[in-house]
Every structure is written in C-alpha cells, then in structure tokens.
Undergrad: 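Encoded as structure tokens, here's the structure I'll be asking about.
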Amino acid sequence: MATADAGPRRRSGAATIGDVADAAGVSRATVSRVMNGRATVAADIAQRVEAAATRLRYRPSNVARSLSLGRTNTIALVVPDLGNPMFQQILRGVTSAAAPEGYRVLVADTGESTDDEAEIALEARQRCDALVLVSPRMPDDVLAELLPQVGPAVLVNRTAPQGQAPSVSVDYVRGMRAVVDHLVSLGHTRLVYLSGPARSASNSWRLAGLTEARLVHPEIDLTILECGPTVGDGYAVVEEVLATRATAVVAFNDLVAFGLLSRLNETGVAVPDDISIVGCDDIELARYATPSLTTLAIPQAELGRHAWHRLQDVITGAATAAEITRFEPRLEVRASTGPVPARLPASEGSLVDSPKADAGPTVPASTTRSTEDATADPAARAAAGTAGSTTDHAPGGTLTWRLDGQAVVLDSGDVALARYTTGQGVPAVHAPRPHLHPVRTLAGALMTETSPVDHRHHYGFSVAIPDVNGTSFWGGRTFVRDVGPTLLANHGQQVSTATALAETPGPTLDDTVAWLDQHGDPLLTERRTLRGSLLADLDGWALRWTSDLVADHGDLTITSPGAAGRPGAGYGGLFWRLSTADETHVLSHDGEGERAAHGSRSPWLALTQRRGDRWTTLLLAQPGDPAPWFVRAATFPGAGPALAWDTALRVESGRSLRLDLVGLMLDRRILPDEGDELAERVLAV
C-alpha cells in the first residue's frame, strides 16, 4: 500500500544537523548559527530551522557546541571531601545560583590529598569554563602558581596570594571569640581545641580567634590537640581529651564533635554535665544530635551562591580579582554546653583525692557511672561578683542568689548550689521549661540530672505535667488509652517572663512563667518562688519551691497516664530527677523501699545514694495535705508529688492550684527513724 511522503526521510537513530538542514532546506552552517543563538540569520529562516529541529527531536552536540562557541557553560567545584555536609551545602548553593544562568556544575573531590590537589584542579579546568576552589589545602606558593593556569577562579574559605582571585570566606576569628565568651560565661577556663587539617586556612583562622580570645580572657588554659576533619578523628581523640582534664571542647567542625559525642557516650562521660562540646558549621544533623550540638553556624549555601556571583563577575569582567567577601558566623547555643562542673573538695576516701582531680571528667572504671564530677576554681566564681544578688547569712556560711547571664545561681561561697536556667535550648519535643540544674550539696555532690540517656526529657528539678488540656508539659511520648506511649505533636513550653530577686524571708527568686500550648497560645500563668536556706545544725541546706498555677485563660484539666488507664504511672507536678549512683535507696514514713513509698501519702520521702564511698540524701517534704508520691529508684532515680495520681484534676477558670515542695540536701546517709524529725525541721524553715 502506498503512503504519502511526510517530508525528508531520516536515517535510523538520532537526528543529525544534516537531517535538520535537509528538512529546513538550508545549509548546516545556518542550522549551527540558529542553534547557537546567533542573530545573523533571518527570522523566517530561523523559525523554519527551529520547527524542523523540533519535529525531528534534534538535540545539538554539547561537545560540538562548545568547540563552536569556545565555552562549555560548565564550571567545576573542587572540594577536599564531598562526604562533609558543609561542602555539600556549598555545592547546593553554587548549583542553585548557576543554573538560572545556564551553567552546570561538575564536582572534583581531592580526598584531602594535598599532593594531588593542584593536578585535580588543572584537569577539572580543562573540562569547564571556570573553577570554584573550596577550602584548598595546598601551600600558598603552589596556589599562587596554580591560579593563573586555571582562571577564571574564585576561592571559598581561602584568600588568594597576591590577590590573584576573589574569595568568599567566614570570619572564623570573630566566631571563635564568641565561642570562648560563651564557655567562659558558663565558668569554663580549661579548654581543648581539636585542630583540623594543618594546611586548612579556616583552621588557621580558628586558631587566630582562640589566640585573640585568650588576650581577653587570660584565665583560660587552652590545650590544642591535633585531630582532623572527620567523625572518626573525633571518636579517636577522646582519651587524649579526657587526659587534659578540660571541662569544655571546641571541635574543628560538627563531624569531629559527633565522633566525640559518640565516644564520650560509650565511656560514660555525660555531656554537658561532665564536659561541654562546641562544634562548627551547624550542619543539618547538629540540631538532631544527642544532646543537640552547640555550634558556630555558617551560612553554607549562601557561601556557594555568593561564590558563583563573584565567579560570574570575573567571567564577565565586572569584578576585580582582589575582592574579598567575609560572612559573619552565629553561635547557635543548644544542649551540649552547660555550666562548668563544680568542685568536690578532696577528702579521705572521696573520688577526688589528688591535685590532678581539680579540673575535669574522668572515664569511669566500671559500667556504673559516678556523676560526682570535678570542679571549677571557687576564686573564679568569686571574681564573677554578686551584684544584684540576695543573701542569707547563717552560722557556717552564706547563701547568695546572683545573676549569671540568662541564668540565676545560688552560691554558698564555696559551691554553686543551684542554677536556675530558662530552658530555651531544650528541644521542643522535651517540652522546654525553666528548671534547676545542677543542684548540689554543700560539699558539691551532684543532686540533679538533665536529659539523661534513659529519659531525655527529664530536666533537673522542674514543674513537669504530662497533660494540661491536651498539651504535654512533660516531654517525650504521651500515654494514649488502649494504644500506649505515643509520640504526638502536642508539646508545649513554659516561658520565663519576669524574674526577680528578693531578700526576705531569705534569698528568694520569683519568676512569672507563661505556659504556652503546642500552638503557642497561652494556657495558664504560673507564679513561682524559689527560696534557699542554710541549716547549719544539719550540715545541709534546703530549697523550697512554691508555684501557683493560675487558670487565667479558661478551665484547666490536668491528667496523667495513671488517670488514663496506666496503673501506677500518675506522675506529673513538681518532679526531681536525681543523678545516677552506685546505689539508690528509698525511705518514707510508710516504710523502706520504692514499693512502700510509691503511691503513698507519706509526708516525706528520702532518696539516699552512694557514689563510691560517699553518701548523699535528698529528703522531700510536702507542706499541708500530702499528695501521692511518684518515685523511681530501680530504673532511674526520681520523685515528686503527683497531681493526678489516678483521676484527672480540674481547675476552674479564675482559680489557682498551688504546688509546694521542700528539698533537703545532705552529705550523708540518713536512717529510717530520722525522716520524721528531719521533715519537721525542714518544713519549719
């Protein structure tokens, strides 16, 4: 059967420039000029060529096009290690900025090989129009020789010798000063810096920043350890870090910090209770680390976008080679940094029994970690001053509340007994809240824990309630009837809005706290008061926490897993999470042991703990009619009166609910028959 001829016949396979020329009735040269966008072809002929190319699905050869135009519309990005998320984000920034201009990006990874770096850059340049050199490690003389051969080029995190190329970098000097200022504000003076690659310019800038910071803070004892840029490097250097007795570590980058965190967790060293960690870069995973990582945030993608714009300016002749652009980093404070560990005085049989033990954490000798830790210099605390403080004078010592940045600290002269923090760095899923941590005995023994491995949402001594009108102020998972513990998007937060210090009836901290639901809307207002008292006759001190929860935004329904069908899980209210110990024993008016105390309405409850051969006691007493106690000792040490033990508690609009608890801290083990007398004594303060 005959068919009509639809036009010029094509050979099998992809259409060629000759096929288009035949179909359009023009020469190959005319097709080439049209495909390359030249304006020397008549409009009607160009339209005929484009129509033929579309009909034949013709795609020009990039190689031929490049030969014709003398350019490839491709640039190359040369990086030390593409596995580093920092460099991946710079690549993303370059690509997103170059694509709208018709440029594509090739990537060359030097594998941190200084010897091969120049050769790899030369090879990449032969395949493209220009280079972006990211954090090159080669010496200045090699770089100076290379740049004329590979231009146009732009440098990221490196300045060009003799101004041969523009550069885009970060002011790491200023960033490191901010890091040190933050750590010093927390009381840290013994620091370690984990150094990156020796030929890294950004590493040199970090070191310069640390040097400047030491001029501002001459009390700093800084140790520099050679490390590297990878997770494995951070993991491998932990033993050297601990040997320095430092209380804070600044890592070359976030990857190094991740390795450090992993190994510290394995060895039983708590972050930040025993040692604080700061990273650099703020890669995406930093906020999801455990604990979330305090880090120097770098505008990574913006570095890449700006590098492309500077490179484009060089290509078009719109920029001078010597142009240098610097971005300012931002310190992102999260949960991996905290106050310096407080001093435990050396004494016979204590864990601190030599001059070496005055400055940092150690790797525990057994799988049971002692959280009694080594210390900061009391003289450094004294130097911080007591301006704006309130004081309680008593035989044997003085209690003083003092402002310390955004925190308020209760000092006894030798030991920082309690630190009240806003909780702003707490992850949203933990229900952020102001809390007390660390809390210590007069001898410095740690009596609170924050974000422990077993329950990351536990934070020292705080008001934590699992369910208020459907919002969790406890953190973590919510118990759902007939389902069990379930992670819900229902976490609220408590926001400190007005903190004040008063002198009577003793050193007192008053705070007004707004409770916001998961949508950020106000749910209730809390007025809380914290008052410390020295008890010289008992060689201890007491802390009273009183809170009034005011239903000023409507009725409140407070409930718990116990009220939702989980027997014995009626937790919620004032909750004290203790630090771990070798032994924890529970005492109460109703008998010894967790079973006797849990759910009882004993007027007092005590947890005695042993760490090594040192004993401490936390005695909790409830003024007025006692609520049932929620207490744990076997799985984790923690206790508090339960607001909704097995039934929901309702607070009508306009009314308030009072929470009241007194804690007594002693540096000894009490006996069961002492509890009633001690409770009576502490409630009389």
Side-chain angles (χ1 to χ4, degrees), residues 35-38 59-111 117-138 143 146-160 163-170 201-202 281-284 297-327:
M35 293 296 102
N36 289 327
R38 294 176 181 171
R59 299 186 63 181
S61 165
N62 286 334
V63 173
R65 190 167 184 264
S66 298
L67 291 173
S68 174
L69 297 175
R71 55 186 172 86
T72 66
N73 276 29
T74 303
I75 63 172
L77 189 83
V78 182
V79 299
D81 178 11
L82 193 57
N84 188 328
M86 167 74 169
F87 299 136
Q88 294 172 16
Q89 289 300 315
I90 291 175
L91 169 61
R92 179 175 294 180
V94 172
T95 302
S96 66
E101 305 297 331
Y103 277 79
R104 296 182 178 179
V105 182
L106 301 178
V107 182
D109 186 336
T110 68
E117 196 171 35
E119 182 179 351
I120 291 172
L122 281 167
E123 291 179 357
R125 178 62 178 87
Q126 292 172 3
R127 293 168 170 80
C128 64
D129 299 333
L131 288 186
V132 178
L133 295 172
V134 181
S135 300
R137 310 301 197 205
M138 65 189 78
L143 183 59
L146 174 68
L147 285 173
Q149 302 177 60
V150 298
V154 65
L155 300 177
V156 177
N157 278 341
R158 180 79 179 265
T159 53
Q164 294 167 296
S167 68
V168 180
S169 62
V170 175
S202 61
D281 293 341
D282 194 24
I283 63 176
E284 187 176 10
I298 307 301
Q300 303 156 42
E302 185 60 28
L303 281 176
R305 285 190 288 269
H306 208 78
W308 159 252
H309 293 309
R310 295 288 73 74
L311 185 61
Q312 188 179 37
D313 289 344
V314 175
I315 293 173
T316 60
T320 61
E323 183 176 352
I324 299 175
T325 305
R326 284 196 175 91
F327 287 84

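In this text, all values refer to a predicted model and were calculated from it rather than measured experimentally. Note that the numbering runs from 1 along the sequence shown for the chain.
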Undergrad: Output yes when a side-chain donor or acceptor of Ser96 lies under 3.5 Å from a complementary backbone atom of Gly93, and no otherwise.
TA: yes
Undergrad: Measure from the side-chain N and O atoms of Asp281 to the backbone N and O of Ile283, and report whether any donor-acceptor pair falls under 3.5 Å.
TA: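 No; judged by distance alone, with no hydrogens or angles, the pair does not exist.
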Undergrad: So, His306 and Arg310: side-chain donor and acceptor under 3.5 Å apart, yes or no?
TA: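 Yes - a donor-acceptor pair under 3.5 Å links their side chains.
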Undergrad: Show the nearest heavy-atom pair for residues Val156 and Pro136, with the distance to one decimal.
TA: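 Smallest heavy-atom distance, with atoms named: O-CD, 4.1 Å.
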Undergrad: Determine whether a donor-acceptor pair (N or O, by modelled atom type, separation under 3.5 Å) exists between the side chain of Gln300 and the backbone of Asp282.
TA: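 Such a contact is found between Gln300 side chain and Asp282 backbone.
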Undergrad: If we ignore hydrogens and angles and just use 3.5 Å, is the side chain of Arg92 paired with the main-chain N or O of Gln88 as donor and acceptor?
TA: no
Undergrad: Just so I know, are the side chains of Gln89 and Ile298 near enough to count as touching, which here means a heavy-atom distance under 4.5 Å?
TA: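 Gln89 vs Ile298: side chains apart.
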Undergrad: State whether the side chain of Arg125 and the backbone N or O of Gly151 hold a donor-acceptor pair below 3.5 Å, judged by distance alone.
TA: yes
Undergrad: With the side chain counted from C-beta on, respond yes when Val134 and Val94 share a heavy-atom pair under 4.5 Å apart, and no when they do not.
TA: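 Side-chain contact under 4.5 Å: no.
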Undergrad: Main chain of Leu122, side chain of Gln149: is a donor-acceptor contact present, judged purely on distance under 3.5 Å?
TA: no
Undergrad: Would the distance check show the side chain of Glu117 and the main-chain N or O of Met138 forming a donor-acceptor pair, the cut-off being under 3.5 Å?
TA: yes
Undergrad: Are the side chain of Asp109 and the backbone N or O of Leu82 linked by a donor-acceptor pair below 3.5 Å?
TA: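 Confirmed, Asp109 side chain pairs with Leu82 backbone.
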